[in-house]
Amino acid sequence: MAECLFCRIAAGEIPAKIVFRDEKAVAFEDINPQAPVHVIIIPKKHIPTLLDLTDEDQSIMGYLYVVANHIAADKSLTESGFRLVANCKESAGQEVFHVHIHMLGGREFGWPPG
C-alpha cells in the first residue's frame, strides 16, 4: 500500500534501523522508544488492524512471534525477558494502520500495563 508508512519501510523506501528482514517480515527500531529495546515487528503483507486478520493470516501472525524470539536472542533479552504488545484501533493506541507488534525490553515493566 503506497501510503502506508510501514509498507514503505518494508519496501526500503523510508530508512529505518532494520534488525530483522526476510521474505515474510521486517523488524526495525522504534523512532520513539519506550524502553531501552523497542522494536516494531511487522508482516510484509499489509493488514490494517488485528480485526482485519483472516484465517489465511494465522501463519504469519505466529511467525511474528518466532521473529520476536530471534530478536530477543540478538538483543540479549532471553534471560531478563521482554513484553510484546499489539494495539488495535485508535482508542487502544494504534497509530499506524498496519498490523505490528511492539517488542519492549531492557527494563522492568509494571502491571497492569495501561
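In this text the structure is predicted, and so the values were computed from the model without any measurement.
Residue Phe97 shares its hydrophobic cluster (ILVMFWY side chains chained together at separations under 4.5 Å) with no other residue. Side-chain contacts under 4.5 Å among hydrophobic residues (ILVMFWY), followed directly or transitively, place Val85 together with Leu104, Phe109.
Within a 6.0 Å radius of NZ in Lys89, no more than 12 heavy atoms belonging to other residues, nucleotides or ligands are found.
In this structure, the side chains of Leu53 and Ile47 come closer than 4.5 Å at one or more pairs of heavy atoms.
Taking every heavy atom of both residues into account, Ala35 and Gly105 meet most closely at CB-O, 3.5 Å. Across Ala25 and Leu64, no two heavy atoms sit closer than the pair CB-CD2, 3.8 Å. Scanning all heavy atoms of the two residues, the minimum distance from His46 to Cys7 falls at ND1-SG, 3.4 Å. The minimum heavy-atom distance between Ile9 and Arg21, with the atom names listed, is O-NH2, 4.1 Å. The two atoms that bring Gly106 and Pro36 nearest to each other are O-CG, 3.4 Å, heavy atoms only.
At distances below 3.5 Å, not a single donor-acceptor pair connects side-chain atoms of Glu79 with backbone N or O atoms of Leu77. Formation of a donor-acceptor pair under 3.5 Å by the Lys44 side chain with backbone atoms of Asp22 is found in this model. Judged by distance alone, the side chain of Gln94 and the main-chain N or O of Leu50 form no donor-acceptor pair under 3.5 Å. Here the side chain of Arg107 pairs no donor or acceptor atom with the backbone of Val37 at under 3.5 angstrom.
Taken to the nearest 0.5 Å, the NE2 atom of His102 stands 11.0 Å off from the CG atom of Leu84. Taking CD1 from Ile71 and CD from Glu29, the interatomic distance works out to 10.0 Å, rounded to the nearest 0.5 Å.
Aromatic ring centres of His98 and His100: separated by at least 6.0 Å. Aromatic pair Phe28/Phe6: ring centres closer than 6.0 Å.
Tyr65 and Ile42 fall into different hydrophobic clusters, defined by Ile, Leu, Val, Met, Phe, Trp and Tyr side-chain heavy atoms under 4.5 Å apart, directly or through other members. No chain of hydrophobic side-chain contacts below 4.5 Å, direct or via other Ile, Leu, Val, Met, Phe, Trp or Tyr residues, connects Ile41 to Ile18. Ile40 and Ile60 sit in two unconnected hydrophobic clusters of ILVMFWY residues. Membership requires side-chain heavy atoms under 4.5 Å apart, directly or through other members. Note on Val39: it does not cluster hydrophobically with Val96, by side-chain heavy-atom contacts below 4.5 Å among ILVMFWY residues. Both Met103 and Ile101 belong to a single network of hydrophobic side chains, linked directly or stepwise wherever heavy atoms of I, L, V, M, F, W or Y lie under 4.5 Å apart.
Taking 4.0 Å as the cut-off between side-chain N and carboxylate O, Arg83 and Glu108 do not count as a salt-bridged pair.
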Please walk me through it: do Asp74 and Val19 pass side-chain contact (heavy atoms from CB on, under 4.5 Å)?
-> CA-CA 9 Å; Asp74 290 344; Val19 298; over 6 Å; no
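Shown are Val99, Asp52, Leu51; of these, the side chain to side chain contact (heavy atoms under 4.5 Å, CB included) with Cys88 is made only by Leu51.
Residues satisfying the salt bridge (charged side-chain N to carboxylate O under 4.0 Å, His left out) test with Glu13, not counting sequence neighbours, are Arg8.
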